[in-house]
Amino acid sequence: MRRYESIKSRGDMKQEQRPRVRFAPSPTGYLHVGGARSALFNWLFARHYGGQFILRIEDTDRTRYQEDALDDLLSGLRWLGLDWDEGPEAGGPYGPYFQSERTDIYRRYAEQLIAEGHAYKCFCSPDRLAQMRKERQARKEPAGYDRRCRGLTAQQRRDREARGETAVVRFKMPLEGETRFHDQIRGDIVVQNETLDDFVLLKTDRFPTYHLANVVDDHLMAITHVLRADEWLPSVPKHVQLYAAFGWTPPLFAHLPIILDPSGKGKMSKRKKLAGNREAYVHLKDFRAAGYLPEALFNFLALIGWSYDDHTEIITRQQLIDHFDLDQVKPSAAAFSYEKLDWMNGQYIRTMPVDDLAARLLPVLRDAGLSPDMDTLRALVPLIRVRIKRLPDAVDLVDSFFVPEVHPTPHDLVGKKQTVDQTRQLLDLAYQTLASLPTFAETDVETALRAVVTGRQLKPNAFFGPIRVAVTGKKVSPPLFGTIHILGRERVLQRLQAAITLLQE
RNA sequence: GGCGCAUUCGUCUAGGGGUCUAGGACGCUGGCCUCUCAAGCCAGUAACAGGGGUUCAAAUCCCCUAUGCGCUACCA
């Protein structure tokens with residue numbers, strides 16, 4: 001795999017120039033996990049080199065603007081722990097950080113380009129453009145604007161303006177030659193200018209397009225590195241030409257591999273279903289709601305498209321900051337593996353401090369309609385932590401601790417090779433044994449019940465199975481002795497008795 | 001169609017010309033452990049897209065082909 005000169009090797013940036021990078025989402029929808037990954041890489045890069053991570057809101061599309069998108073974005077970044085040094089709610093010396101508040105700036109620069117002969121007004125209607133596109137397609141010509149308005153005389157232009165025709169401002173792309181640039185991840189890229197078209201800079205609503213706004217802002221905000229998803233790569237030549245027209249030095253570019261759907265075919269989409277009819281999460285908030293831990297998702301996302309070495313999977317945030325750099329970013333797109341995320345989430349759940357896990361479980365259990373008390377929950381955590389991959393998995397494991405009674409079925413109660421009578425006798429035995437115990441400490445419970453098993457030469461599960469069902473109402477539960485201890489004498493005996501009664505009927 | 005990017009186990013990846021009979025992880029399969037389910041441990045499965053070069057030597061460098069993905073808006 002290629003390895004371009006790492007930024008570090010070009011001199012100690014920590015001394016010379018702190019990078020300024022930005023995440024520049026558009027509030028047209030909820031924060032996508034791919035967007036979150038872009039933000040994450042930018043953040044890691046900034047933190048690694050001690051630079052600034054800037055959040056800029058590219059709200060120049062008024063038709064697709066979504067009211068609650070900004071909140072979702074901000075809370076999503078915060079949930080992941082990606083704090084921004086400049087941007088909404090943080091302020092900063094290069095504001096405003098909402099492009100909708102910077103429209104005069106873009107207009108001014110567009111005027112400048114027109115004045116200097118780098119841009120022109122175009123009066124072509126959307127209808128005509130659509131028509132033109134269709135014809136070009138039919139003739140198998142390259143797509144793109146046919147430049148009809150590029151040759152308008154000053155007089156023609158004045159006439160049409162006088163008639164009140166609306167116009168966009170288009171960039172006057174060089175017709176010949178080539179545009180070359182260096183991508184930090186992909187190396188040198190060259191494209192022929194004849195394949196580039198006269199893209200729109202300013203729309204008829206006087207708002208800038210992405211191309212204009214992003215170039216102007218990156219320059220004005222002193223952005224040093226543009227780290228963004230792969231899908232932007234084809235527009236870099238346009239931006240490079242724009243920088244040239246302005247006489248500005250472009251930032252360094254690094255295009256990150258995009259995240260593909262688990263099948264590896266296409267971007268991640270909400271519409272696709274996973275194996276087992278599981279829902280395919282694509283928005284950050286969906287992962288959050290599904291019970292993934294931010295630190296696990298953070299770890300997982302960092303490792304898609306980037307790796308530290310040949311064996312590290314679980315890696316802390318600080319280690320990531322210490323080691324992250326562009327030279328280990330892979331150029332190829334990567335499929336998103338929900339299975340591996342589940343595994344990783346489980347790893348974090350298992351190693352998290354008990355109190356932390358209990359605290360995170362509390363709201364999840366409440367959402368499920370349970371009213372757990374913290375003491376019981378804390379006692380339960382060690383029993384259930386290795387059994388859950390996502391927070392809501394805990395609900396089924398602990399609900400029997402927080403309800404007054406359980407309702408086992410005779411079918412579950414009676415083991416495969418047992419009769420109803422036998423089962424009832426075993427439960428009775430369990431009742432007698434436990435009722436006579438002086439304490440209900442876990443070890444005492446275990447010692448006593450195991451003694452029964454050995455004494456009667458039973459198979460452990462033949463005895464413990466029915467007890468489990470009687471006491472929790474389920475065939476699958478946390479470890480029995482701990483369960484009995486936490487449930488307490490009163491409830492355990494009650495439930496055993498209830499099961500015995502049930503089997504008598 | 002045009003333009004661009006990419007291509008190592010099913011998936012995420014290690015790999016910077018010889019140490020590669022290609023390493024790790026997820027998944028899957030089997031075993032151990034075991035009060036259920038898990039977890040853990042052990043073992044197994046499985047890849048350099050194809051073809052040409054360059055070189056004493058290529059997964060690593062170059063070219064072609066194929067395939068995939070992305071872009072092709074007055075969206076970002």
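Chain A is the first sequence line, chain B the second, and so forth, proteins listed ahead of strands; every chain is numbered from 1. Since the structure is predicted, the reported quantities are computational estimates derived from the model, not experimental observations.
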* Can the ring centroids of A:F336 and A:Y338 be said to lie less than 6.0 angstrom from one another? -> yes
* Looking only at side-chain N and O atoms, does A:S307 come under 4.0 Å of OP1 or OP2 in B:rA14? -> yes
* Asked: B:rG1 phosphate, OP1 or OP2: any side-chain N/O from A:R136 under 4.0 angstrom?
  -> no
* Assigned partner base of B:rU34, Watson-Crick or wobble definition, under 3.5 Å -> none
* Structure fact -> Hits for salt bridge (Lys or Arg N to Asp or Glu O under 4.0 Å) against A:D218, two or more places apart or cross-chain, chain-then-number order -> A:R22, A:R56
* Asked: So what does A:T60 touch, heavy atoms closer than 4.0 Å: a base, only the sugar-phosphate, or nothing?
  -> sugar-phosphate
* **B:rG16 versus B:rG51 - spacing of their P atoms, nearest Å** => 24 Å
* Distance below 4.0 Å between A:K203 side-chain N/O and B:rC75 OP1 or OP2 -> yes
* Asked: Are the ring centres of A:F481 and A:F464 closer than 6.0 Å?
  -> yes
* Asked: Of all the choices, B:rA76, B:rC35, B:rU72, which nucleotide is nearest to the side chain of A:D61 once you look at every atom?
  -> B:rA76
* Between A:R64 and B:rA76, does any side-chain N or O lie under 4.0 Å from OP1 or OP2? -> no
* Looking only at N and O atoms, is any donor in the side chain of A:R186 or the base of B:rC5 less than 3.5 Å from an acceptor on the other one? -> no
* Asked: Can a side chain N or O of A:K267 be found less than 4.0 Å away from OP1 or OP2 on B:rC71?
  -> yes
* To do: Searching all strands shown, indicate the nucleotide that pairs with B:rA14 (Watson-Crick or G-U wobble; both distances under 3.5 Å).
  => none
* Which of residues 118-128 of chain A have a heavy atom under 4.0 Å from RNA chain B? -> A:C124, A:P126
* Are the ring centres of A:F199 and A:H211 closer than 6.0 Å? -> yes
* To do: Looking at every strand, decide which applies to A:F199 at a 4.0 Å heavy-atom threshold: base, sugar-phosphate, or nothing.
  => nothing
* d(CG, A:L202; P, B:rC74) in whole Å -> 13 Å
* **Interatomic distance where NE2 belongs to A:H255 and P belongs to B:rG70 [whole Å]** => 16 Å
* Paired with B:rA66 by Watson-Crick or G-U wobble geometry, both distances under 3.5 Å: which nucleotide is it? -> B:rU7
* Asked: OP1 or OP2 of B:rA76 sitting under 4.0 Å from any side-chain N/O of A:Q66?
  -> no
* **Distance between P atoms of B:rG17 and B:rC62 (Å, rounded)** => 12 Å
* Asked: Among the nucleotides B:rC69, B:rG40, B:rC75, which one has an atom lying closest to any side-chain atom of A:Q347?
  -> B:rG40
* To do: May I ask you to establish whether A:R37 and A:F41 are in a cation-pi arrangement, using a distance under 6.0 Å from NZ or CZ to the six-membered ring centre and at most 45° from the ring axis?
  => yes
* Asked: Who is the Watson-Crick or G-U wobble partner of B:rC61, with both distances under 3.5 Å?
  -> B:rG53
* Asked: Between B:rC69, B:rA39, B:rG4, which one does the side chain of A:L233 approach most closely?
  -> B:rG4
* To do: Mind checking A:R133 for me? I need base, sugar-phosphate or nothing, with any heavy atom below 4.0 Å counting as a touch.
  => sugar-phosphate
* With ring centroids as reference points, do A:Y210 and A:W232 lie under 6.0 angstrom apart? -> yes
* Asked: Within less than 4.0 Å of OP1 or OP2 of B:rA76, is there a side-chain N or O belonging to A:R228?
  -> no
* Donor-acceptor pair between A:S263 and A:D261 side chains, under 3.5 angstrom -> yes
* Asked: Can you tell me if the side-chain N/O atoms of A:Q328 get under 4.0 Å from OP1 or OP2 in B:rG15?
  -> yes
* **Complementary nucleotide of B:rG1, counting Watson-Crick and G-U pairs under 3.5 Å** => B:rU72
* **Under-3.5 Å donor-acceptor pair between A:T204 side chain and B:rC74 base** => yes
* With a 3.5 Å cut-off and no angle check, do the side chains of A:T195 and A:Q192 form a donor-acceptor pair? -> no
* Using Watson-Crick or G-U wobble geometry with both distances below 3.5 Å, tell me the partner of B:rC28, or none. => B:rG44
* Asked: Residues in side chain to side chain donor-acceptor pair (under 3.5 Å) with A:R108, at least two apart?
  -> none
* Asked: Taking atom P of B:rA73 as reference, at what distance in whole Å does atom CD of A:Q137 sit?
  -> 9 Å
* Could you check whether A:T28 gets within reach of a base, just the sugar-phosphate, or nothing at all, counting any heavy atom under 4.0 Å? => nothing
